[in-house]
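Keep in mind that what you see is a predicted model, and the values were worked out from it rather than measured. Order of listing sets the numbers, starting from 1, for every ligand and every atom in it.
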Amino acid sequence: MSYGLLKGKRGIISGALDSNSIAWKVAQRAKEEGAIFTLTNAPLAMRMGEINKLAEECEAKIIPADATSVEDLEKLYAGSMEHLGGKVDFVLHSIGMSTNIRKNRPYDDLNYEWFMKSLDVSALSFHKMLQVADKMNAINDCGSVVALSYIAAQRSFPDYTDMAQAKAMLESIARSYGAVYGKKNGTRVNTVSQSPTKTSAGTGISGFNAFYEYANEMSPLGNATADECADYVITLFSDLTKKVTMQNLFHDGGFSCVGISEGIVNRMG
Ligand code: NAI
């Protein structure tokens with residue numbers, strides 16, 4: 001169902017890799033709600049070609065950009081403003097990658113070059129996206145920038161390894177840049193801490209099924225799906241949340257507030 005929440009708004013959506021991606025669902029919902037936007041992803045991800053289907057469906061231009069490259073991001077904002085006919089109102093950062101996770105390196109045997117890469121791709125890129133936009137004056141007054149996070153920023157989870165630090169940094173950047181951007185032109189900056197979700201990045205973590213089932217069992221509302229995450233992100237892009245900024249917002253069916261669920265008590269008691 002469409003509410004026209006993003007009618008007249010322009011945006012940039014990163015991170016749509018395939019139809020499971022959270023960003024893919026956000027793009028579909030943004031289109032439904034009346035927005036026009038560009039899609040972006042790392043040049044490497046373009047090779048899969050899936051994003052072309054989404055671009056066609058959403059009538060969106062694709063502008064490849066490695067989110068760790070300031071130069072690429074400058075071209076992304078310049079190209080988006082030119083194509084969309086003005087500054088943007090919303091930006092989605094939906095980017096994460098850890099070579100340590102991909103190669104199954106345990107937390108007590110991390111490769112530090114890969115660790116730095118995880119931080120650069122998964123967290124610092126958020127600062128770069130914000131700073132480049134800020135310097136280019138690319139975001140309209142009262143714009144909205146959202147990045148996706150995970151509760152491993154606050155609590156330990158086996159096998160999430162260096163991504164836990166990346167998410168902690170990501171959430172910290174939202175607070176620090178939110179303070180700066182809010183003062184400048186009312187742009188809000190938030191992170192959404194999402195339930196485990198069956199995407200390419202999610203299922204790449206060993207033990208993901210246990211994360212997923214455990215969170216589902218612990219959460220009174222069950223795990224939030226990628227579609228539900230997209231709904232929530234749309235509200236944050238809309239004018240209905242103009243005073244929400246510098247927050248890490250849990251979108252997790254209640255998981256973050258539960259100590260133990262009744263089901264687990266009954267099973268273990
Ligand atoms: P996904 O694998 O579909 O998306 C990750 C995206 O990051 C891909 O499109 C990939 O091409 C992009 N990317 C990687 N390196 C890049 C670079 N250098 N420049 C630009 N883009 C790059 O998986 P998903 O789950 O949709 O991930 C999106 C975000 O949601 C990530 O930040 C992830 O950590 C976060 N998240 C995912 C959860 C899950 O369980 N799937 C739970 C909570 C948060």
Colleague: Any N or O of D18 that comes nearer than 3.5 Å to an N or O of ligand 1?
Modeller: no
Colleague: On a heavy-atom basis, I'd like to know which of D66, L17, N41 is closest to atom 11 (O) of ligand 1.
Modeller: N41
Colleague: Would you say ligand 1 has an N or O under 3.5 Å from any N or O of G15?
Modeller: yes
Colleague: Of all the heavy atoms in Y212, does at least one lie under 4.0 Å from an atom in ligand 1?
Modeller: no
Colleague: Test of understanding: given a 4.0 Å heavy-atom threshold, classify the contact between S149 and ligand 1 as side chain, backbone, both, or neither.
Modeller: backbone
Colleague: Record the part of A67 in heavy-atom contact with ligand 1 below 4.0 Å; permitted values are side chain, backbone, both and neither.
Modeller: both
Colleague: With heavy atoms of F208 as the reference, note each atom of ligand 1 found under 4.0 Å away.
Modeller: 40 (O)
Colleague: For ligand 1 and M97, I'd like to know whether there is a polar contact (N/O to N/O, distance under 3.5 Å).
Modeller: no
Colleague: Let's go through R267 and E217 carefully: what are the C-alpha distance in whole Å and the side-chain angles of both, what is the deciding distance for salt bridge (Lys or Arg N to Asp or Glu O under 4.0 Å) to 0.1 Å, and is it a yes or a no?
Modeller: CA-CA 12 Å; R267 215 172 307 145; E217 162 103 33; 2.8 Å; yes
Colleague: May I ask whether S14 has any heavy atom positioned less than 4.0 angstrom from an atom of ligand 1?
Modeller: no
Colleague: For the 3.5 Å polar cut-off, considering only N or O atoms, please tell me whether M163 and ligand 1 meet it.
Modeller: no
Colleague: Go through ligand 1 atom by atom and flag the ones less than 4.0 Å from a non-hydrogen atom of Q194.
Modeller: 42 (C), 43 (C)
Colleague: With respect to Y150, determine whether any N or O atom, backbone or side chain, lies less than 3.5 Å from an N or O atom of ligand 1.
Modeller: no
Colleague: Is the closest side-chain heavy-atom distance between T40 and I62 below 4.5 Å?
Modeller: no
Colleague: May I ask you to check if ligand 1 and K167 share an N or O to N or O distance below 3.5 Å?
Modeller: yes
Colleague: Please could you name the atoms of ligand 1 that S200 approaches to less than 4.0 Å, counting only its heavy atoms?
Modeller: 2 (O)
Colleague: For the backbone of Q247 and the side chain of N190, can you confirm whether one donor and one acceptor N or O come within less than 3.5 Å of each other?
Modeller: yes
Colleague: Does the residue A226 have a heavy-atom contact with ligand 1, meaning some pair of atoms that are separated by less than 4.0 Å?
Modeller: no
Colleague: Select one of side chain, backbone, both or neither to describe which atoms of A147 lie under 4.0 Å from any atom of ligand 1, heavy atoms only.
Modeller: neither
Colleague: Which atoms of ligand 1 are found less than 4.0 Å from any heavy atom of L148?
Modeller: 29 (C), 30 (O), 32 (O), 35 (C)
Colleague: Taking a cutoff of less than 4.0 Å between a non-hydrogen atom of the residue and any ligand atom, is S125 in contact with ligand 1?
Modeller: no
